[in-house]
There are 4 protein chains.
Amino acid sequence: MTAVPLVSLPESSDPTRSPRADKRERILDAAIKVFARHGYHGSRISDIAREAGIAYGLVYHYFKNKEEILASIFEQRWGVFLEALEGIASEETPAEQQLFSVAALILNAYRLRPDWVKVLVIEIQRSARFAEPGQLRAFGQFFDVVGRIIRRGQERGELRGDLDPRIACTAFVGALELSITSLVLRLVEVDDAGSGGGEYYENLARTVVDIFLHGLAAEGARA
Amino acid sequence: MTAVPLVSLPESSDPTRSPRADKRERILDAAIKVFARHGYHGSRISDIAREAGIAYGLVYHYFKNKEEILASIFEQRWGVFLEALEGIASEETPAEQQLFSVAALILNAYRLRPDWVKVLVIEIQRSARFAEPGQLRAFGQFFDVVGRIIRRGQERGELRGDLDPRIACTAFVGALELSITSLVLRLVEVDDAGSGGGEYYENLARTVVDIFLHGLAAEGARA
Amino acid sequence: MTAVPLVSLPESSDPTRSPRADKRERILDAAIKVFARHGYHGSRISDIAREAGIAYGLVYHYFKNKEEILASIFEQRWGVFLEALEGIASEETPAEQQLFSVAALILNAYRLRPDWVKVLVIEIQRSARFAEPGQLRAFGQFFDVVGRIIRRGQERGELRGDLDPRIACTAFVGALELSITSLVLRLVEVDDAGSGGGEYYENLARTVVDIFLHGLAAEGARA
Amino acid sequence: MTAVPLVSLPESSDPTRSPRADKRERILDAAIKVFARHGYHGSRISDIAREAGIAYGLVYHYFKNKEEILASIFEQRWGVFLEALEGIASEETPAEQQLFSVAALILNAYRLRPDWVKVLVIEIQRSARFAEPGQLRAFGQFFDVVGRIIRRGQERGELRGDLDPRIACTAFVGALELSITSLVLRLVEVDDAGSGGGEYYENLARTVVDIFLHGLAAEGARA
DNA sequence: CATGAATGAGAATTCATTCAT
DNA sequence: GATGAATGAATTCTCATTCAT
């Protein structure tokens, strides 16, 4: 199996950026951490500032208010993620390979930046701004891309054509999503913590894709 | 296929209960609605009271404080759900049938009481009390039960034995979960809105179980 | 000269009012005092609350925010004042008598409730709401009424017809206004403080009306 | 009638001044504008800086703090005004002529620099420093000078001696003051806006002095 | 001189919780 | 029980002032 395409997920500031953009970024990084821990409403600006190592008043030099911080997180992080996803979808590889890449992308994003994913998934959908069409459409794009992969696989005869691709899409993403959530929430024990979780995630991606493609039923059980 | 075991999900108050228990229940119902909409931290006691149609001071006759409301929600609603789940697991039916029952249980719970599920899944894990072992164990119980169904299926040779049952379990539940979330968030268009969504949910459950058991890959594609 | 019509200027709460209205009134009374002393922007909600003898949080039970307090002051106090003014204008007495009544009304209002006048005149015109047509119109009404008195006097031949009634109106009111301001600011010494200032104000009203009607020029000096 | 002595009211910087004094002046000009619009407390240093077209940090090179800006405004602007007033009072012309000159001075000051007058009259009296004897005395000087003109006119027999000169003084100034305020607030319609308001102000000064000296009462109406 | 990032005291506002009625 | 007035701690947000560049 080919190398898994990884998203580049910069956290520390890029030295080529302007100092202003850099500080903005530091605040966003801090905000993501704090929001992931306590939720948007449960987080105080002062928590974010402390996490970023700055005075809280400074936050207001860079962001109009708390809500704008959340919106900025969404715009920046989601874009990074969606771009990587589009890259996978545009490859000319079999559906199975593409789905594995998507799984790896999602799992790696969650493994490397669990806070990003938590905030993107949980907080944003509850914010007032999320009601705006722009944001919802952004989420929809995600399903569009995965749905496109599945539909193309159906057209090529690689995937069963008798199943609704939209359901297949959400089932696939949901399987990945909860797999990682349960890891994050420690509902499942991971043994190889020493390896940074990498092996477990590798196995997880393979297993989920395997189940998703070939089913959990024993050989010859297909109805 | 046998009848789907449904959880009884009472919302309006049971007339056999004491007036006190009745009022308590009304507050919990209201709190679930409000928490689901704005999150725990984003909800005010006065919002809950207004939703329940009572004065906000009265809330404190029935609950010590805001946090206790959340804890009560968890205890009551989760218990109802887990009990139904145990019922399914203890049946002596094939794994496929059991998994379909679980899917129907979860989907129906989400369909009929989406607020319950949102609060149980999103809010509780973030509350302070959730850190307490009791609550975490409760969530774990859920995975335990589904895991047990899968393991038993593997032992009986109905399900593939080469896959980690814990991963299979979370993948299965996650597939169901996001399928409904995307419905709730309107990320997916449902055509038969006229039927109250019942048909779509029926099909959804069947499709998810189908994919989960037999895979999305086209016939003969199993590696 | 007939008795001077006085405005009834209740400050202490009317016992026939509801307790709620009563408390609201107490807050408005306190706010007027504080605004008059430090200006709207220079006043803190906590100052108002302390002056009213309540916790500052309670202010927000009765008013949405600070600005609404100012608006309420305007609506209530200005109405009281304008009503008294209309009463004078509708009398069938000579212009001289009416103008004296107006002078007495304004001076008494200022003498008895200097804070009302300061806030109505100085703060309101600077508030954002004042830009709204409604408020400006309210101020305009005041000039309308006094202007009407003067015009009627001109028509009856009691007052000179060769002078712009609008200018006469503002000159008259301005004369009264600064007379009292200088008192309030202690730019002028008042001797009979013992009498509560009543005599001085009586003389002031008479003198201003005298100058305004008959001029300061010595006998026979009219050009 | 002789020429009206006008105050020279420089706004743009005097090129003979040092660059430092020039920048200081620009800040003061900006501050006056902003204070007149929103009041001292309602104005931010950054508003002043933006109005002056400089960085807000620079304000602190020229002024110790916000309050010193207000004090500087008072010292400079008030001195200019008082000097012109003294010039009028020291002339050996009839009281009527002097009063007309004073009216013209005040009206022109208001017409040309309404912001100056607003700030001098409204803000300064409320500032902490105003409580200091120096500032209060400064205001008193104004009344002293006008009072001196009136008293001299009384002594010469040009003005009635039976009226309190202090009251006459404040009434006169107040008449002028409100006449212009009502213009500024657009409470009165001015027709000749095309002429820059000059004609209206000319007429206004004449009318106010006329009323003030000869009264509004119709011929022969003096009691 | 000039700039604007950085700081943090201070004020407005919110809302959980208490309590008199 | 029921109500909503009252309290004040906690939080968001503002802005005067300082200071590194």
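Throughout, a chain's letter reflects where its sequence line sits, starting with A, and its residues are numbered from 1.
The side-chain heavy atoms of D:R44 and D:Y56, taken from C-beta on, include no pair separated by under 4.5 Å. C:I45 places a side-chain heavy atom less than 4.5 Å from the side chain of C:Y60.
If you take OH of D:Y40 and P of F:dA16, they are 8 Å apart, rounded to a whole angstrom. Counting to the nearest Å, the P atom of E:dA9 and the CD1 atom of D:I45 are 19 Å from each other. Atom-to-atom, NE2 of D:H61 to P of E:dT3 comes out at 10 Å; the value is rounded to the nearest Å. Between the CD1 atom of A:I69 and the C1' atom of F:dT11 there is a distance of 14 Å, rounded to whole Å.
The side chain of A:K66 has F:dT12 as its nearest neighbour among F:dT12, F:dA16, E:dT7. Listed candidates were E:dA6, E:dG8, E:dT14. Nearest to the side chain of C:Y60 is E:dT14.
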Q: Toss me the dot-bracket line for DNA chain E: Watson-Crick and G-U wobble, both under 3.5 Å, 5' to 3', using | for pairs to another strand and [ ] for crossers.
A: .||||||||||||||||||||
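With rounding to the nearest 0.5 Å, the separation of CD1 in B:I32 from CD1 in B:I73 is 4.5 Å.
The nearest pair of heavy atoms linking A:A52 to A:I27 is CB-CA, 4.3 Å. In terms of heavy atoms, A:V119 sits closest to A:A36 at CG2-N, 3.7 Å.
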Q.
Evaluate D:E123 against D:F74 for side-chain contact (heavy atoms from CB on, under 4.5 Å), listing each step before the verdict.
A. CA-CA 10 Å; D:E123 292 312 321; D:F74 185 80; over 6 Å; no
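Heavy-atom nearest nucleotides on DNA chain E were determined for A:G53 and for B:S46, and the one closer to the 5' end corresponds to A:G53. Remark on DNA chain F: of its neighbouring residues C:L58 and A:R44, the 5'-side contact belongs to C:L58, judged by nearest-heavy-atom nucleotide. In terms of position along DNA chain F, the nucleotide closest to B:V59 lies nearer the 5' end than the nucleotide closest to the other residue of the pair B:V59 and D:H41.
For the pair B:K23 and F:dA2, the criterion of a side-chain N or O lying under 4.0 Å from OP1 or OP2 is met. At E:dC15, none of the side-chain N or O atoms of B:Y56 fall inside 4.0 Å of OP1 or OP2 (strictly under the cut-off).
Using a 4.0 Å heavy-atom criterion, one finds that B:F63 contacts no nucleic acid atom at all.
Of the candidates A:K23, A:R24, A:R113, A:R77, A:D29 forms a salt bridge (Lys or Arg N to Asp or Glu O under 4.0 Å) with just one, namely A:R77.
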